[in-house]
Number of protein chains: 2
Amino acid sequence: MARKRRATMQDIAKAAGVSRTTVSFVLNEIADANIPENTRQRVLQVARDLDYTPNAIALNLARGKAMTVGLIVRQTAEQMSIDAFIGQVILGVMHVVEAEGYHLLIHAVDPTASGTQTYVELVRTRKVDGLLISSPLASDPEIKMLHDEGTPIVVHGAADLADVPSVDVDNVQGAYAAVKHRVDLGQRRIGHITNAPFNYTSSRDRCNGYRQALKDSGIAYDTSLVYEGAFTDDSGAAPMRALLDLPDPPTAVFIGSDMVALGAVGAIHARGLHIPNDISVIGFDDLTFSQYLQPPLTTIHLPPYDLGRLGGETLLSIISGTSPDAQRLLLPTEIRVRGTTAAYSK
Amino acid sequence: MARKRRATMQDIAKAAGVSRTTVSFVLNEIADANIPENTRQRVLQVARDLDYTPNAIALNLARGKAMTVGLIVRQTAEQMSIDAFIGQVILGVMHVVEAEGYHLLIHAVDPTASGTQTYVELVRTRKVDGLLISSPLASDPEIKMLHDEGTPIVVHGAADLADVPSVDVDNVQGAYAAVKHRVDLGQRRIGHITNAPFNYTSSRDRCNGYRQALKDSGIAYDTSLVYEGAFTDDSGAAPMRALLDLPDPPTAVFIGSDMVALGAVGAIHARGLHIPNDISVIGFDDLTFSQYLQPPLTTIHLPPYDLGRLGGETLLSIISGTSPDAQRLLLPTEIRVRGTTAAYSK
DNA sequence: TTCGCCAACTAACGCGCGTTACTAACATTT
DNA sequence: AAATGTTAGTAACGCGCGTTAGTTGGCGAA
């Protein structure tokens, strides 16, 4: 039961009666090392007998690469559970990364923490070869610093960091489509509850899409119609009540997240109002449950798996030195029109 | 922009005019190495000037520990997104693990893959010091093998592996409570749709709780009332339709997962039936959206964060050699009675 | 015969660090 | 004055592996 000491190259060398160098040459299939076939076979056989597996850490030290990339999620406990597609993102990253022989290290940072971010340590200690940063703040000095130091780094959405490679969904376009969908049906008083505080890029981008759609429709931007949500279902309730309490409440609300929309919808129902007759609702993210709500939630669909996959691919290409053509990727979104936005008839 | 070579201990030694050994002693605060205060300060100052950070890989090699634990998730793309609380579990593990200076490596295995599981490589290569295995199959030969080899390992639910440490929610008790809740209101014809195929321990345990509750109530177990779900919302629809098509359909369904329940509820509504008047529904997991469904879903609440946290704690205590008292932990669940199970009145 | 060449290896260094010996200089005791 | 510490270090080995620069013995060609 005691932890067995695993065989090393040295053990193989001794057992096969050759030098460790020869073992290394055989196992790594070095072409221009003239190893005769029978020596080769003998070494391989001994390796098999000893159940040899190379020590990854030693290998990493020798090569100077950790063969590991870090995925940084900036989320509190609530957000993590909430952000239902974080699992999809993780899976997307994992698949491409492991296909190239890399491993995936996950590290959460407390968004409320100040001072040097802990993920800087990950790259300083060479524990990871590169970083994929999920849901970054709009201005994150460490990201810029690491990038300037030459650390391979890719962020999921970062408008402020012009030269840092990024892969993101087209939040602006998605939000634009959501709002335009309402305006085109004649609604002009449209509220907005964000998915997150404004220092998150996704939140800002979605709000910008909202504003742009209003502008293009000749509707003035009214700050009294905009409230901040913060990831969770609960965070949508109070803003929604505030909107309903307005002297002239909106006839539609665009909510930057399906999860936040849950709380908002709950608040609307609690007032005894009817969706979509009294007010229509549009979400964002197209989480699995959205189509099962009563009425089913109109929302903006996005591809979380691809977000992870493309982020991983971009990061790997940077690590390998073959810098990608497109340093900034924007994935398209798609509106899913459902029951919460029936034709406007007031 | 070129990747800076980071300073090593050797660099500090040269700059401070001492040997590398002395640097090591100072930085590691070795007590019985008599380093005079001014030498100590000089070394520390140089280290700061050179922005020294120890190389984690070299350190790991020297110490013979990876300072990393692996979290294995056995899930396909669909399941990963679906299993909304995987994020919570990850976060729980991460918090305890990082508090002890460890890092978290995540690795997904394809549940349909055969042959030696890829996670075996993780421990053979010494890339991780221990493994936390989420949602294991009922009988997983590699787990037993690794454990017998002395690998620190903890599983989230594994009835068949008697001597492998585990941390799990009390699925049997949860399911029992769910079913008893119905029986006590007079219902006797209760269907069951599992959360996953029967080779998953959680699925089997929940079904066992269902059967036990029936038995204790003098109700015969009827296999025609039991169907297999498989993680996703979609997987709940067909089984539900089959139940409704029975000559004598059940008056209640216990579904092993809220996600699967989504599809089932959809199927019930599609038939124009009313919940809970025509049929009552009970889920499992208490996912965030469940309370927002119409009617709100009665379900079994469980603590995903604690699942991760306690799993991590147990694993770390095994790694550190202080084997835990309780090798098998069962976390309690709690029923949340909501609208899908109104009082039975037929 | 002798020189060069090639096959078949191996010695030795480096990756960055922990750790155990061991040493040289100086101070204290007997 | 000699023996015994004590202080302030350092040399050297080990962790497991990649990799370069050799080394040896045999053989064909000049």
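In what follows, chains are A, B, ... by sequence order, proteins preceding strands, each numbered from 1.
When each of A:Ala7 and B:Asn38 is assigned the nucleotide of DNA chain D bearing its nearest heavy atom, the one mapping closer to the 5' terminus is B:Asn38.
The distance between atom CD of B:Glu37 and atom P of D:dA8, rounded to the nearest whole Å, is 11 Å.
Residues passing the salt bridge (Lys or Arg N to Asp or Glu O under 4.0 Å) test with B:Glu142: none are found, sequence neighbours excluded. Remark: A:Arg6 pairs with A:Asp51 by the salt bridge (Lys or Arg N to Asp or Glu O under 4.0 Å) rule, at least two apart or across chains. Residues satisfying the side chain to side chain contact (heavy atoms under 4.5 Å, CB included) test with A:Ile143, not counting sequence neighbours, are A:Tyr119, A:Ile133, A:Pro136, A:Asp140, A:Ile153, A:Val155, A:Leu161, A:Val164. Judged as a side chain to side chain contact (heavy atoms under 4.5 Å, CB included), and not counting sequence neighbours, the contacts of A:Thr125 are A:Glu121, A:Lys127, B:Thr53, B:Ala56. Residues passing the side chain to side chain donor-acceptor pair (under 3.5 Å) test with A:Asn28 are A:Ser24, sequence neighbours excluded.
Listed by residue number, the members of residues 40-49 of chain A with any heavy atom below 4.0 angstrom from DNA chain C form an empty set. Residues from residues 53-69 of chain A that place a heavy atom under 4.0 Å from any atom of DNA chain C, listed by number: A:Leu61, A:Ala62.
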Item to complete: Report the C-alpha distance between A:Asp168 and A:Leu330 in whole Å, list the side-chain angles of each, state the deciding distance to 0.1 Å, and finish with yes or no for side-chain contact (heavy atoms from CB on, under 4.5 Å).
Response: CA-CA 5 Å; A:Asp168 201 5; A:Leu330 272 191; 4.1 Å; yes
Item to complete: Begin from the C-alpha positions of B:Val89 and B:His156 and carry the test side-chain contact (heavy atoms from CB on, under 4.5 Å) through to its verdict.
Response: CA-CA 10 Å; B:Val89 174; B:His156 278 160; 3.8 Å; yes
Worksheet item: Is there a side-chain contact (heavy atoms from CB on, under 4.5 Å) between A:His107 and A:Val73 once you walk through the steps?
Response: CA-CA 6 Å; A:His107 179 76; A:Val73 292; over 6 Å; no
Practice prompt. Start with the C-alpha gap between A:Arg124 and A:Glu149, add the side-chain angles, then the distance that decides, and say whether side-chain contact (heavy atoms from CB on, under 4.5 Å) holds.
Written response: CA-CA 10 Å; A:Arg124 286 234 189 292; A:Glu149 280 181 7; 3.1 Å; yes
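Under 3.5 Å, the side chains of A:Thr22 and A:Ser19 contain a donor-acceptor pair of N or O atoms.
Pairs of residues two or more places apart, or lying in two chains, that qualify as side-chain hydrogen bond (donor to acceptor under 3.5 Å, both in side chains) and include a residue from residues 55-65 of chain B are B:Lys65-B:Tyr102.
For the side-chain contact (heavy atoms from CB on, under 4.5 Å) with A:Leu105, the qualifying choice from A:Val69, A:Leu122, A:Leu71 is A:Leu122, the only one to do so.
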Please list, one pair per line, the donor and acceptor atoms closer than 3.5 Å that link side chains of residues 39-47 of chain B to other protein atoms, with sequence neighbours excluded.
residue	atom	partner	partner atom	Å
B:Arg40	NE	B:Glu37	OE1	3.3
B:Gln41	NE2	B:Glu37	OE2	2.8
B:Arg42	NH1	B:Ala16	O	2.4
B:Gln45	OE1	B:Arg48	NH1	3.0
B:Gln45	NE2	B:Asp49	OD1	2.9

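With a heavy-atom cut-off of 4.0 Å to chain B, the contacted part of DNA chain C has its first and last nucleotide at C:dG16 to C:dT20.
At its two ends the helix from C:dT1-D:dA30 to C:dT30-D:dA1 runs along axes set 80° apart, each axis drawn from five pairs and the angle rounded to 10°.
Between the CG atom in B:Leu91 and the CZ atom in B:Arg309 there is a gap of 12.0 Å [rounded to 0.5 Å].
Within the nucleic acid shown, A:Thr8 comes within 4.0 Å of sugar-phosphate atoms alone, with no base atom in reach, counting heavy atoms only.
Residues A:Arg5 and A:Asp11 are in side-chain contact: their nearest non-hydrogen atoms beyond the backbone lie under 4.5 Å apart.
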Practice prompt. Let me have a per-nucleotide readout for nucleotides 21-29 of chain D, 5' to 3', with B, S or -, counting only protein heavy atoms under 4.0 Å.
Written response: ---------
